[in-house]
Amino acid sequence: MAPRSCALCNDARAILKRPKTGQQICKDCFFKVFETEVHNTITEANLFKPGDRVAIGASGGKDSTVLAYVMKTLNERYHYDLELFLLSIDEGITGYRDDSLETVKRNQEQYDMPLKILSYDELYGWTMDRIVSTIGKKNNCTFCGVFRRQALDRGATALHVDHIVTGHNADDIAETVLMNIMRGDIARLGRCTAICTKGEDTIRRSKPFKYAYEKEIVMYAYFKKLDYFSTECIYSPDAYRGHARAFLKDLEAARPSAIIDIIHSGEAFEVKEEIKATQKVQQTCKRCGYMSSNDLCKACTLLEGLERGMSAAVITDRARRKLEAEGPTPADLRTIPFFHPPTASASPAVEVESTA
Amino acid sequence: MPRKQRFDRSRTCVKCKVNLGNLVIRHAVYCKECFTPLIASRFRHAFEPHINLVPAGPRRGLLKPSGDLLIGFSGGLGSTVLLDLVHRTYIGRTFRKEVRGGKEHPRNDRVWTNIRVCYVDISDAFPEMENRTYSVQKAVETYEDFEFVLVRLQDAFDLRWWEKVSGNSSTLSSSLGIDLSSEDLLLSSTSPPDSTPVSAMRTYLTSLPTLTAIHSTISTLIRLLLLYTARSTRSSHVVLGTSLTSLSISLISSISQGGGFVVPQTVQEEWVPAHIEGHPESRAGKGVVRLLRPLREVGMKECTAWAWWNQLPIPGKQRIPVPRHTIGDLTKDFIVGLEKDYPSTVSTIAKTVGKLAPKGEAGRTCAMCELPAQSVVQEWKSRISIRSFTGLDPSGTDASNSLAPFLCYSCHTTLTSRSSRGTGLPKAGGIPALVAPPVWSQARLAQKDHADAQLGTNSLDGLQDRGPEIWETKSLKPDEMKAVVDEFIL
């Protein structure tokens, strides 16, 4: 069979089939459409303004590695005039994070971006290895997820950035839409398809890869020969998310547009006004100053549970009440340093690991 | 390891607290005696507040529907249980037993003057399917006072059926065909079809790009056939036997096919045919057909128990003879599997979706499924998945000649989204250049052509089809030209 020519340029030989559209295209056209789609996503949502300081949440995995590369490329090509940083969180997982942080450090050199690494140990006094050895493998993703979100915001505050971009891709968002429906998490369902979220007083967070398929991100990294770390977390037995992910992959195989179709569905509905009125109002944590739906934020509650040896019991609200019933918080309890949200007049002087 | 308990407290029925339980429904135990009123009251709770034109408040008055009742019967478990419950509640023993305040009291009038049971026979969709009409009709005839109505899937492509249900034939003097090979779904006039409705239907179904599209198209056709039949029989309500389990499956399946905007309609719908939309009659609420799912609070397990204990014969739903690689089938396998480990999943899905509303106003209704649609479909798609470097409109065609602007996101995706697997079905008569859409879409598009023509904005293609007299070319004589510009000449 004669080689097909690219469906986009009709000139070069098609060497790949786009997972998103099924079109057979050449390598250069793939790079062009992939980057242009991300650019379209950024410009249509007006994500940045010239002079913004933007931190790229970098884990060393494929999504954040490609994000760092694409952000740098687009920033230069379209003159976004952004100041880019790499921000990495060290969860303290031996054999997983150790290696991937090496990748981030290489990225720092390759892309010539300042890097800031913030560790759970430094912020919370606990590493994930220690948490898992205390609570076991069940529910540890709750700790890691809650701690990471706050750590990213705190790292970003230290860098005095206006914006954090993360490598969440279309598959992640579609999977989250399905999962939030199946477990009835109406608050998260209402906001999970938003490209940019901003809590009160916190830094804007965006997902420029919102419409980028995971397969295409891998394909991009492969053809660009990007350096990334591809091992799954050794502590990630989140069974429910695993079910949702496997289901989504089946749907994608049946009809590749399913991922985008789910995101479109998520964008086409919203939580009814009368339901919104019953949702909790956001406030600040009385102990650490971070945004929270209760008097104490989730991170402080989890940390208190760990410190008081009741870690397994603090995943639900009912368990939190049980913790409160056990008696007052000891005065010498280890707490998270108080969070001072960024202000417009904040000094941009930051301490970061210097680029090579 | 000891087996995990399937119920929360004890083996005694949670309702009467006397009998030993016979059935566990989501951790709660019920005995057979308490199970019957439980299901009957769930059915009435989901149905009766919506019978009167203006929904009833907490103090329920008399039930006075504005028309008859049409039951959509597929032969499956849910619709068999629904048939039984409707009969018990409004015709049979239970209804007669409840007579209070004398025979002539208005409360004791029958709620429904006529109840029809409509079966949509889909056996002609594929050659190898078995016709089950006889066994379905037998099952319906075991109940007194139900009128059996037979509709065939190919009626959706039959002009005579359309004339019968819409009472309007003039709009379909010419036929339109869709070019399914383009993203724009270009429309062209073709001569009125000389093929039979069966072959038109088979051509349409086998031309669809994916198995998922075939399944969802058949569901859409059945839904609209039922709704148009309801309207033509002066029925104000259509009820379907969708159980809680099936409802959750169809919600997730619809969301996975881009139907997020119409999630409320997946549960309950007020339908007005597109060709009378905006008519004063429809604005007053007359002619509106209300589609309800009275078993939406009853799970598949409870339906099975009801059918088993009441020895209901289930004729069986017709299965479409294509591989189970569709989004609908995958969703069903997934939800049913998940329910084993997480028994509250189906009710959580239905409750969560019940808290959602469409974002923004519906610009119009879709020409294919007649559900509310957002105004921008193609633009959104071309922004996030570039298919051409030449701009939004790859083929550079005139948008007025395209079906895409008249479709909702879901129907556009159904007709255009491809998969490397394809359908694996032999195309009836090769790959046709143009396929005829269902009759209601034809009527809608013909209406649009008519409106365009009146406004003088019809496409070039359409104008050329109307004959040579529109493009009359003649040379103007100098005095005629002068007459045109005379007032500008000093």
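Just so it is clear, the model here is predicted, and its values are computed rather than measured. Chain A is the first sequence line, chain B the second, and so forth, proteins listed ahead of strands; every chain is numbered from 1. All heavy atoms count here, side chains included; hydrogens, waters and symmetry mates do not.
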### Query
Contact part of B:Q374 toward chain A, heavy-atom cut-off under 4.5 Å: side chain, backbone, both or neither?
side chain
### Task
Using a cut-off of under 4.5 Å on heavy-atom pairs, state which of A:A170, A:A7, A:C29 scores highest against chain B.
A:C29
### Query
Under a 4.5 Å heavy-atom cut-off, does chain B meet the side chain of A:I275, its backbone, both or neither?
side chain
### Which atom of A:E37 lies closest to which atom of B:I386, heavy atoms considered
OE2-N, 2.7 Å
#### Entry: Heavy-atom neighbours of B:E361 CD exceed 12 at 6.0 Å
no
### Task
Show the numbers, then the answer: is there a side-chain contact (heavy atoms from CB on, under 4.5 Å) between A:L178 and B:S256?
CA-CA 9 Å; A:L178 289 178; B:S256 305; 4.3 Å; yes
### Query
When rounded to the nearest 0.5 angstrom, what distance separates CD in A:Q23 from CZ in B:R418?
11.0 Å
### Task
Could you note down all residue pairs passing salt bridge (charged side-chain N to carboxylate O under 4.0 Å, His left out) where residues 207-217 of chain A supplies at least one of them, sequence neighbours left out?
A:R18-A:E216, A:K62-A:E214, A:K210-A:E267, A:E214-A:R245, A:E214-A:K249, A:K215-A:E252
### Task
Can you spot which of A:I186, A:L189, A:I181 makes a side-chain contact (heavy atoms from CB on, under 4.5 Å) with B:V353?
A:I181
### Message
Counting only non-hydrogen atoms closer than 4.5 Å, does B:K351 touch chain A with its backbone (N, CA, C, O), its side chain (CB onward), both, or neither?
### Response
neither
### Message
Taking A:G184's backbone N and O only, do any of them form a donor-acceptor pair with B:K355's side chain (distance below 3.5 Å, no angle check)?
### Response
no
### Task
Please report the C-alpha distance between B:I252 and A:M182 in whole Å, then the side-chain angles of each, then the deciding distance to 0.1 Å, and finally whether the side-chain contact (heavy atoms from CB on, under 4.5 Å) criterion is met.
CA-CA 9 Å; B:I252 295 287; A:M182 291 187 295; 4.3 Å; yes
### Side chain, backbone, both or neither of A:S257 within contact of chain B (heavy atoms, under 4.5 Å)
both
### Task
Of all the heavy-atom pairs spanning A:A258 and B:I327, show the shortest one and how long it is.
CB-CD1, 4.2 Å
### Message
Looking at chain A, which one of B:V263, B:T413, B:T210, B:D329 has the largest number of heavy-atom pairs inside 4.5 Å, strictly under?
### Response
B:T413
### Query
Under a 4.5 Å heavy-atom cutoff, which of A:K32, A:E273, A:R255 has the most pairs with chain B?
A:R255
#### Entry: Derivation of the side-chain contact (heavy atoms from CB on, under 4.5 Å) call for A:H264 and B:K381
CA-CA 9 Å; A:H264 181 266; B:K381 282 190 177 178; over 6 Å; no
### Query
What part of A:D250 gets closer than 4.5 Å to chain B, counting heavy atoms only: side chain, backbone, both or neither?
both
### Query
Between B:S254 and A:S265, what is the shortest heavy-atom contact and its length?
O-OG, 4.4 Å
### Task
Over 60° means perpendicular and under 30° means parallel, so classify the ring planes of A:F247 and B:F334, tilted if in between.
parallel
### Message
So which atom in A:A254 and which in B:H325 form the shortest heavy-atom distance, rounded to 0.1 Å?
### Response
CB-O, 3.3 Å
### Task
Mind ranking A:L248, A:I260, A:D185, A:T36 by heavy-atom pairs under 4.5 Å with chain B and telling me who comes out on top?
A:I260
#### Entry: Neighbour count above 12 (heavy atom, 6.0 Å) for A:H163 NE2
yes
### Query
Roughly how far, to the nearest 0.5 Å, is OG1 of A:T193 from NZ of B:K359?
5.5 Å
### Query
In terms of heavy-atom contacts, does OH of A:Y78 have more than 12 from other residues, nucleotides or ligands at under 6.0 Å?
yes
### Query
In terms of heavy-atom proximity below 4.5 Å to chain A, should B:T331 be classed as side chain, backbone, both, or neither?
both
#### Entry: Derivation and outcome, side-chain contact (heavy atoms from CB on, under 4.5 Å), residues B:L338 and A:H243
CA-CA 8 Å; B:L338 197 65; A:H243 285 310; 3.9 Å; yes
### Leading residue by heavy atom contact count with chain A [cutoff under 4.5 Å; candidates B:P264, B:G260, B:G259]
B:G260
### Message
At a 4.5 Å cut-off on heavy atoms, which part of A:A253 comes close to chain B: side chain, backbone, both, or neither?
### Response
both
### Query
Between atom OG1 of B:T414 and atom CG of A:D261, what is the distance when rounded to the nearest 0.5 Å?
8.5 Å
